[in-house]
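Below: one structure, written as structure tokens.
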Amino acid sequence: MMTAKKLYIKTYGCQMNVYDSERMAEAMGGEGYVTTDSPNDADMILLNTCHIREKAAEKVYSELGRYKGLKADKPELKIGVAGCVAQAEGAEIMRRQPMVDLVVGPQSYHKLPQLTARTHNGAKALDTDFPEEDKFEHLKGRPKAKRGPTAFLTVQEGCDKFCAFCVVPYTRGAEVSRPAERVVREAQDLVERGVREITLLGQNVNAYHGHDRGLAGLIRELSKIDELKRIRFTTSHPNDMDDDLIAAHGECEKLMPYLHLPVQAGSDKILKRMNRQHTAEEYLKLIERLRAARPDLHMSGDFIVGFPEETEEDFQATMDLVTAVEYGSAFSFKYSERPGTPAAERPQVPEDEKDDRLQRLQALLVKQQRALQDAMVGRDVHVLFEKSGRLPGQMVGKSEYLHAVHVQAEGISAGDLRAVRIESSGPNSLKGVLLPS
Ligand code: SAH
Ligand code: SF4
Ligand code: F3S
């Protein structure tokens, strides 16, 4: 019997990469590869990379440097680079790190098996095309193995927005949606394998048009799958939040009351220079409408501080917007110059200024996050249990608001959805007791 070859995949960046890595592992499974948790015993190493900020891209090269010894010891080891750095830098990666055998861009993963086959005897393979076909349909079918209770499902890819700071429109290409019937089929398959919560993914997921009623139509369709208990989606652009999707937050019981809706900045001058195509006021009005539909909606966002020409006054406008919204969670970053994007050409804010603003913004966001989490004490939530906790007899899951909740109880299994009364709030999670079902 032939022994299985081992594949080590390291994933960077967003949830879409997490989903892509799963699908690549499955595709290579069809070629006789099983996944391993360590690069040391691997026959193939695949880095699924992110190009969003300078640091993210640098990490890839330093990681590759660490594999030099492995490749020297085992020349037949194949090393591949996938994801957004692969798309952005292409053949340059092999010039900088000649031990790389394979470079494959995010839209060409269905060709991974055939590209890998081409790398025999030291030959190199490169594919960074944007083909027309749906890469996921052309990947080998997902095996029927049992899965955990939560899963990602990519429904939309690419971005047509061209924010002045962002590489995504260049690395992922134009907006493309997968047809609703394929998404529904994949969701049914996931549910049969034990999944109870699906997070629909897209770089601009609410620009989804694979259903004639958009993302709201798809969500309503998926709601009909009996054993699917929860639906989430991410990431959304404020300008694609249509009336139907706002209404779905009030009407669709399975759609969870948590929304990641990045705004990036609170100053209209900066929003305009970022090419975000909306004002701070419009964003706040939108949240008002969402909260009218679903009063307990928890908001999440992304922020960039130190965008070119951001003054202290502009930054204050971001702080004011955050104060007005009260975020349940958020991600904030220092602006990072990305070659080829319009903002990289503009006068830059000094690094120490960026550091200072990031600290102040994060202090405010952490305070809000904690306040919203603490406000859950005494309330009843529903928890989808995912795994056992560190203490014996403890189970951990997520509430509808995406808070981690620990419960000490017998007889709960991963995948159970149970009512829980919250009793206390710690730094990163809540503790509660099971209510009778
Ligand atoms: N499509 C999503 C997110 C894309 S990237 C959206 O439009 O919201 C995730 C986050 O990375 C962005 O929301 C932004 O906050 C941050 N980001 C993108 N480019 C960046 C850059 N050049 N420097 C710093 N942060 C950046
Ligand atoms: Fe990047 Fe803007 Fe597109 Fe989001 S909407 S992926 S930030 S260009
Ligand atoms: Fe990074 Fe590409 Fe996602 S740049 S954030 S991996 S779309």
Side-chain angles (χ1 to χ4, degrees), residues 10-21 24 47-60 81-89 105-107 109 128 152 154 156-176 201-208 233-241 259-266 270-271 273-278 283 299-308 310 318 322 327 329-346 348-349 351 354-355 357-358 361-362 365:
K10 186 163 175 144
T11 307
Y12 302 83
C14 61
Q15 292 137 321
M16 304 197 56
N17 269 9
V18 175
Y19 176 81
D20 286 346
S21 290
M24 285 192 277
L47 300 186
N48 193 7
T49 62
C50 174
H51 202 242
I52 202 81
R53 284 168 289 274
E54 195 180 350
K55 278 218 181 84
E58 272 169 13
K59 271 192 208 151
V60 175
V81 178
C84 291
V85 175
Q87 190 62 44
E89 308 211 329
Q107 302 313 335
Y109 294 154
T128 50
F152 292 134
T154 293
Q156 181 278 341
E157 281 211 84
C159 180
D160 298 340
K161 299 282 190 288
F162 291 92
C163 298
F165 49 82
C166 184
V167 294
V168 171
Y170 312 97
T171 63
R172 293 275 173 167
E175 286 177 6
V176 187
L201 298 181
Q203 263 94 25
N204 270 307
V205 72
N206 58 344
Y208 177 78
F233 62 89
T234 198
T235 296
S236 299
H237 192 287
N239 288 356
D240 292 318
M241 212 48 154
L259 178 63
H260 185 64
L261 193 64
V263 63
Q264 316 296 353
I270 295 299
L271 285 170
R273 292 185 188 180
M274 285 178 162
N275 191 31
R276 289 292 293 184
Q277 312 269 4
H278 61 76
Y283 178 78
M299 294 302 305
S300 159
D302 290 345
F303 298 90
I304 296 177
V305 300
F307 184 78
E310 182 190 71
T318 299
V322 170
Y327 286 91
S329 95
F331 303 90
S332 45
F333 314 97
K334 287 191 283 180
Y335 168 71
S336 169
E337 253 177 277
R338 305 313 288 128
T341 59
E345 312 294 320
R346 305 207 192 123
Q348 302 296 314
V349 172
E351 204 55 28
K354 289 187 197 171
D355 282 325
R357 289 177 195 170
L358 186 67
L361 175 61
Q362 288 186 339
L365 287 167

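Whatever order the structure lists them in is the order used to number ligands and atoms, beginning at 1.
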List the closest protein heavy-atom neighbour of [atom]: residue, atom name, distance to the nearest 0.1 Å.
atom: atom 15 (O) of ligand 1; result: Q264 OE1, 2.7 Å
atom: atom 20 (C) of ligand 1; result: F165 CD1, 3.7 Å
atom: atom 18 (C) of ligand 1; result: I52 CG1, 3.4 Å
atom: atom 4 (S) of ligand 3; result: H51 N, 3.2 Å
atom: atom 7 (O) of ligand 1; result: R276 NH1, 3.9 Å
atom: atom 9 (C) of ligand 1; result: D302 OD2, 3.7 Å
atom: atom 24 (C) of ligand 1; result: K334 O, 3.3 Å
atom: atom 11 (O) of ligand 1; result: R53 NH1, 3.1 Å
atom: atom 6 (C) of ligand 1; result: T235 CG2, 3.8 Å

Worksheet item: Is there any N or O on Q203 that sits under 3.5 Å from an N or O of ligand 1?
Response: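 Such a contact does occur with ligand 1.
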Fill in: Polar atom proximity, S336 to ligand 1 (N or O, under 3.5 Å)
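Yes.
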Those atoms of ligand 3 less than 4.0 Å from some heavy atom in [X]:
X: C50; value: 1 (Fe), 4 (S), 5 (S), 6 (S)
X: Q203; value: 7 (S)
X: N17; value: 6 (S)

Item to complete: Could you tell me the separation between the OG1 atom of T318 and the CD atom of E310, rounded to the nearest 0.5 Å?
Response: 5.5 Å
Worksheet item: From T11 OG1 over to M24 CE, what is the distance, rounded to the nearest 0.5 angstrom?
Response: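 Those atoms lie 7.0 Å apart.
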Item to complete: Report yes or no: does T49 have a heavy atom closer than 4.0 Å to ligand 3?
Response: yes
Do the side chain of [X] and the main chain of [Y] share a donor and acceptor less than 3.5 angstrom apart?
X: Y109; Y: G83; value: yes
X: Q203; Y: Q156; value: no
X: T49; Y: A82; value: yes
X: Y170; Y: T341; value: no
X: D240; Y: N206; value: no
X: N204; Y: C159; value: no
X: D160; Y: E175; value: yes
X: T171; Y: Q87; value: no

Worksheet item: Checking only N/O/S atoms, does C14 have one that is under 2.8 Å from atom 3 (Fe) of ligand 3?
Response: yes
Fill in: Ring centers of F303, Y327 separated by less than 6.0 Å
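For F303 and Y327, the ring centres are under 6.0 Å apart.
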Fill in: Neighbouring protein N, O or S atoms of atom 2 (Fe) of ligand 2, below 2.8 Å
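Total protein N/O/S atoms under 2.8 Å from atom 2 (Fe) of ligand 2: 1.
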Item to complete: Using a cut-off of 6.0 Å, state whether more than 12 heavy atoms not belonging to E58 lie near its atom CD.
Response: yes
May I ask you to identify, for [X], whether its side chain, its backbone, both or neither come under 4.0 Å of ligand 1 on a heavy-atom basis?
X: F333; value: side chain
X: P262; value: side chain
X: H237; value: neither

Fill in: Distance-only side-chain donor-acceptor flag, Q277 / N275, under 3.5 Å
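Side-chain D/A pair, Q277 to N275: present.
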Discussion item. Looking only at the side chains, is there a donor atom on one of S332 and Q362 sitting less than 3.5 Å from an acceptor on the other?
Written reply: yes
Worksheet item: Can you tell which part of M16 has a heavy atom less than 4.0 Å from ligand 3: side chain, backbone, both or neither?
Response: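 Within the 4.0 Å criterion, M16 makes no contact with ligand 3.
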Worksheet item: Just wondering, is there an N, O or S atom on C84 that's nearer than 2.8 Å to atom 2 (Fe) of ligand 3?
Response: yes
Worksheet item: Does R273 make a cation-pi contact with F307, if we ask for NZ or CZ under 6.0 Å from the ring centre and within 45° of the axis?
Response: no
Worksheet item: What's the shortest heavy-atom distance between A57 and H51, and which atoms?
Response: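 Minimum heavy-atom separation between A57 and H51: CB-CD2, 3.8 Å.
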Item to complete: Look at R53 together with D302 and state whether they make a salt bridge at an N to O cut-off of under 4.0 Å.
Response: no
Fill in: Lys/Arg-Asp/Glu bridge criterion (N-O < 4.0 Å) met for K354, E351
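Answer for the salt bridge query: yes.
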Worksheet item: How about atom 4 (C) of ligand 1: does it have a protein heavy atom within less than 4.0 Å?
Response: no
Item to complete: Run the contact test for K161 against ligand 1 with a 4.0 Å cut-off on heavy atoms, strictly below, and give the result.
Response: no
Worksheet entry | Element-labelled atoms of ligand 1 that are located less than 4.0 Å from some non-hydrogen atom of R338 |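 Selected atoms, number and element: 22 (N).
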